Amino acid sequence: MLPGMGTIRLREDQPLDLSLSLSCGQAFRWEQREGWWEGVVGESLWRVRQEGRRVIYSGTTAPAVRHYLALDENLPVILASIDRDPVVYRSIEACRGLRILRQDPWEILISFICATNTNIPRIRKMIASLARTFGKRIPGSDEAVYTFPVPEALLVSCGDHLAACRLGYRDRSVAGTAGMVEEDPGILNRIAGFPSNDARAALLSFPGVGPKAADCILLFGFHRLESFPVDVWIRRIMHDHYMPPPPGAKGSSEKEDRRIREFGQEHFGAYAGYAQEYLFCARELLNGVKVRSPGPSSSGTPPARR
DNA sequence: AGCCAGGTCTGCG
DNA sequence: CGCAGACATGGC
């Protein structure tokens with residue numbers, strides 16, 4: 001029997017969609033293999049799988065899994081609180097069981113610096129490349145598996161290694177942010193204790209972190225569930241279904257994104273981040289845009305736009 | 001081949 | 001301030 005193997009029984013009233021939660025774009029290191037989800041959390045390789053109301057795991061412990069999957073949070077209450085209009089209602093129906101994970105702030109900080117102006121498949125590759133190049137190998141796994149690199153690890157090598165990770169122009173931001181965290185190792189812990197607006201301001205001081213990345217880091221790395229990141233998809237959904245862009249508005253602008261974010265937080269309330277994530281995950285349904293997801297996907301005929 | 005992607009930063013007016 | 005371009009790369 002594998003170390004740390006066990007089963008968690010989900011409460012009848014607490015939905016979970018493990019696959020959706022791990023693949024929806026809030027975490028980038030989970031892969032489906034042989035019926036399991038495999039991912040590195042901290043120093044360990046986890047294997048997780050869901051069978052109905054059971055979560056089966058190995059390589060970790062039940063409390064760690066419960067914490068990571070936020071099984072302590074009352075999802076029906078959260079979903080009821082954001083269920084304020086037919087659009088988000090449809091998203092909830094489509095994605096019920098999606099939970100916002102509790103992930104490591106440092107890993108999320110670097111991940112969402114990498115996530116700017118690119119697509120999810122490539123983000124996954126960039127993160128995998130960083131881990132393979134700078135992380136520690138985790139023993140006891142058939143495939144080579146690596147931890148997410150600590151800040152110092154991203155700095156020691158001569159920079160050629162970073163270039164080899166193919167981050168594009170983001171490599172400077174990753175290196176700069178790693179340098180700042182290495183010089184001030186307590187900074188993320190302090191940010192974790194800040195009120196959200198101060199935490200947001202602090203995150204904006206890292207190179208490569210703008211308003212959208214800061215909100216993603218707050219939501220996924222610091223579990224600030226009121227955060228409402230506005231990316232190209234959310235902007236599209238909000239303009240199509242909630243608040244048409246002002247006449248004469250050209251494409252995207254920081255001002256317009258701020259307007260969308262403020263509307264989202266006002267409209268959805270304290271759990272606006274959950275609303276954002278459900279809308280994001282239902283974007284194909286809502287906007288009729290073909291979206292790729294990892295793993296073998298059985299694609300029917302995509303609905304026409306609108 | 002060309003448009004686009006979970007945007008950010010810089011340099012203008 | 002607010003806005004336009006540049007930006008490095010690869011998915012589709």
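Source: prediction; values computed, not measured. All chains are named by letter (A, B, ...) in the order of the sequence lines, taking the proteins before the strands, and each is independently numbered beginning at 1.
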Inset, instruction - Give the ring-plane orientation class for Y271(A) versus Y274(A), where under 30° counts as parallel, over 60° as perpendicular and anything between as tilted. - result: perpendicular
note: I217(A), atom CD1; dT8(B), atom C1'; distance rounded to Å ~ 12 Å
(request) Identify whether Y89(A) and L279(A) are in the same connected component of the hydrophobic contact network (ILVMFWY, side-chain heavy atoms under 4.5 Å). (result) no
R258(A) has its side chain closest, among dC3(C), dG2(C), dT8(B), to dG2(C)
I120(A) atom CD1 is separated from dG7(B) atom C1', nearest whole Å, by 14 Å
Salt bridge (charged side-chain N to carboxylate O under 4.0 Å, His left out) with E73(A): of R102(A), R11(A), R66(A), only one passes, and it is R102(A)
In whole angstroms, the gap separating P of dT8(B) from CG of L203(A) amounts to 12 Å
| Are a donor atom and an acceptor atom from the side chains of H241(A) and D85(A) found within less than 3.5 Å of each other? | no
In whole angstroms, the gap separating C1' of dA4(C) from NZ of K255(A) amounts to 15 Å
Hey, any chance L109(A) and I120(A) share a hydrophobic cluster, counting ILVMFWY side chains that come within less than 4.5 Å of each other, even indirectly? yes
Exercise. For the side chain of S91(A) and the backbone of V87(A), is there at least one donor-acceptor N/O pair under 3.5 Å apart?
Worked result: yes
Here the distance between atom C1' of dG2(C) and atom CZ of R259(A), to the nearest Å, is 16 Å
The residue, S173(A) or C24(A), whose nearest nucleotide of DNA chain B is more 5′ is C24(A)
If I pick the P atom on dG11(B) and the same atom on dA8(C), what distance separates them, to the nearest angstrom? 14 Å
Whole-Å distance, R172(A) CZ to dT10(B) C1', equals 11 Å
Rounded to whole Å, CZ of R261(A) lies from C1' of dG7(B) at a distance of 15 Å
Per the under-4.0 Å heavy-atom filter, residues of residues 95-114 of chain A near DNA chain B come out as none
Check the orientation of H267(A) and Y242(A). Use parallel for under 30°, tilted for 30 to 60°, and perpendicular for over 60°.
perpendicular
Classify the side-chain pair S23(A)/W30(A) by whether it contains a donor and acceptor separated by less than 3.5 Å. no
Between CD of E254(A) and C1' of dG5(C) the distance, given in whole Å, is 16 Å
Excluding V40(A), membership of its hydrophobic cluster (Ile, Leu, Val, Met, Phe, Trp, Tyr; side-chain heavy atoms within less than 4.5 Å) reads L45(A), I138(A), V145(A)
Pairs under 3.5 Å (N/O, protein and nucleotides 6-10 of chain C):
unit_1: dA8(C); atom_1: O4'; unit_2: Y169(A); atom_2: N; d: 3.0
unit_1: dA8(C); atom_1: N6; unit_2: N117(A); atom_2: ND2; d: 3.4
unit_1: dT9(C); atom_1: O2; unit_2: R122(A); atom_2: NE; d: 3.4
unit_1: dT9(C); atom_1: O2; unit_2: R122(A); atom_2: NH2; d: 2.7
unit_1: dG10(C); atom_1: OP1; unit_2: R166(A); atom_2: NE; d: 3.3

